[in-house]
Colleague: 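Quick one: the structure is below, questions incoming.
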Amino acid sequence: MSPKHNRGGRRPRIVFIEPAETQVRVLTTEQTGCLDTALNVIAADPTVVKAHATASALRDYQHDGIRVIFYATALGSILIVTYVEVD
């Protein structure tokens, strides 16, 4: 099933691995809110996020001082976050 057929359905689960987990722990409350908003955008349709410049399996979301690098499992049910940056 393509992601377009899954719209309105179940969103993917988001998992943080090190060092992303460590990066999230030091964010302020305001930064965490901004990150949550970005993760909701990503989860809504991860396929529209551009591919990372050096690793085609990775996706690189950048918007308003937030950067999230992640990849999706084969069926797209889990998004694995590898890097987080919030200005």
Side-chain angles (χ1 to χ4, degrees):
M1 179 185 312
S2 75
K4 290 183 182 178
H5 291 107
N6 195 26
R7 287 189 192 196
R10 196 168 175 180
R11 287 193 176 194
R13 185 172 145 222
I14 298 174
V15 177
F16 294 86
I17 62 170
E18 291 293 338
E21 191 173 279
T22 300
Q23 293 163 332
V24 169
R25 276 187 251 154
V26 298
L27 296 177
T28 65
T29 303
E30 183 181 339
Q31 289 173 320
T32 302
C34 293
L35 177 61
D36 286 344
T37 300
L39 292 173
N40 284 329
V41 169
I42 292 167
D45 193 358
T47 61
V48 298
V49 178
K50 72 176 184 165
H52 189 273
T54 60
S56 62
L58 294 175
R59 298 284 175 196
D60 191 349
Y61 175 87
Q62 295 182 47
H63 184 72
D64 288 343
I66 298 169
R67 184 176 188 192
V68 178
I69 299 176
F70 68 95
Y71 62 94
T73 57
L75 297 177
S77 60
I78 300 173
L79 299 180
I80 300 163
V81 177
T82 63
Y83 178 82
V84 172
E85 181 180 311
V86 182
D87 291 337

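The chain is numbered in sequence order, starting from 1. As the structure is a prediction and not an experimental result, all values here were calculated from the model.
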Colleague: Could you pull out the closest heavy-atom pair between Val81 and Ala20, with the gap in Å?
Modeller: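 Smallest heavy-atom distance, with atoms named: O-CB, 3.6 Å.
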
Colleague: Can you name the nearest heavy-atom pair linking Asp60 to His52, along with the distance?
Modeller: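 Closest approach of Asp60 to His52: OD2-CD2, 3.7 Å.
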
Colleague: Would you say Tyr71 ends up clustered with Val24 if hydrophobic residues are merged whenever their side chains have heavy atoms under 4.5 Å apart, either directly or through other cluster members?
Modeller: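 Each belongs to a different hydrophobic cluster.
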
Colleague: In Å, rounded to the nearest 0.5 Å, how long is the span from OG1 of Thr82 to CZ of Phe16?
Modeller: 10.5 Å

Colleague: May I ask whether Ile17 and Ile78 are part of the same hydrophobic cluster, defined by side-chain heavy atoms of I, L, V, M, F, W, Y residues being less than 4.5 angstrom apart, directly or through others?
Modeller: yes

Colleague: Could you tell me the separation between the CG atom of Leu35 and the CZ atom of Arg67, rounded to the nearest 0.5 Å?
Modeller: 14.0 Å

Colleague: So does Glu18 have more than 12 non-hydrogen atoms from other groups sitting under 6.0 Å from CD?
Modeller: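 It does: Glu18 CD has more than 12 such atoms within range.
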
Colleague: Looking only at heavy atoms, which two atoms of Cys34 and Ile66 are closest? And how far apart?
Modeller: O-CD1, 3.3 Å

Colleague: Testing the basics here: between Gly76 and Pro12, what is the closest heavy-atom pair and its distance to 0.1 Å?
Modeller: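 Closest approach of Gly76 to Pro12, heavy atoms only: O-CB, 3.3 Å.
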
Colleague: Taking side chain as C-beta onward, heavy atoms only, is Tyr83 less than 4.5 Å from Leu58?
Modeller: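 Sidechains of Leu58 and Tyr83: no contact.
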
Colleague: With a 4.5 Å cut-off on side-chain heavy-atom distances among I, L, V, M, F, W and Y, is there a chain of contacts connecting Ile69 to Val84?
Modeller: no

Colleague: Are Val49 and Ile14 in one and the same hydrophobic cluster, where Ile, Leu, Val, Met, Phe, Trp and Tyr link if side-chain heavy atoms are under 4.5 Å apart?
Modeller: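 Val49 clusters together with Ile14.
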
Colleague: What's the shortest heavy-atom distance between Val26 and Gln23, and which atoms?
Modeller: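 Heavy atoms of Val26 and Gln23 come nearest at CG2-O, 3.3 Å.
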
Colleague: Hey, does Thr28 have a side-chain heavy atom less than 4.5 Å from the side chain of Val86?
Modeller: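 They are not in contact (no side-chain heavy atoms under 4.5 Å apart), so the answer is no.
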
Colleague: Closest heavy-atom contact between Arg59 and Ala51?
Modeller: NH1-N, 3.3 Å

Colleague: So how far is it from Thr47 OG1 to Ile42 CD1, rounded to the nearest 0.5 Å?
Modeller: 12.0 Å

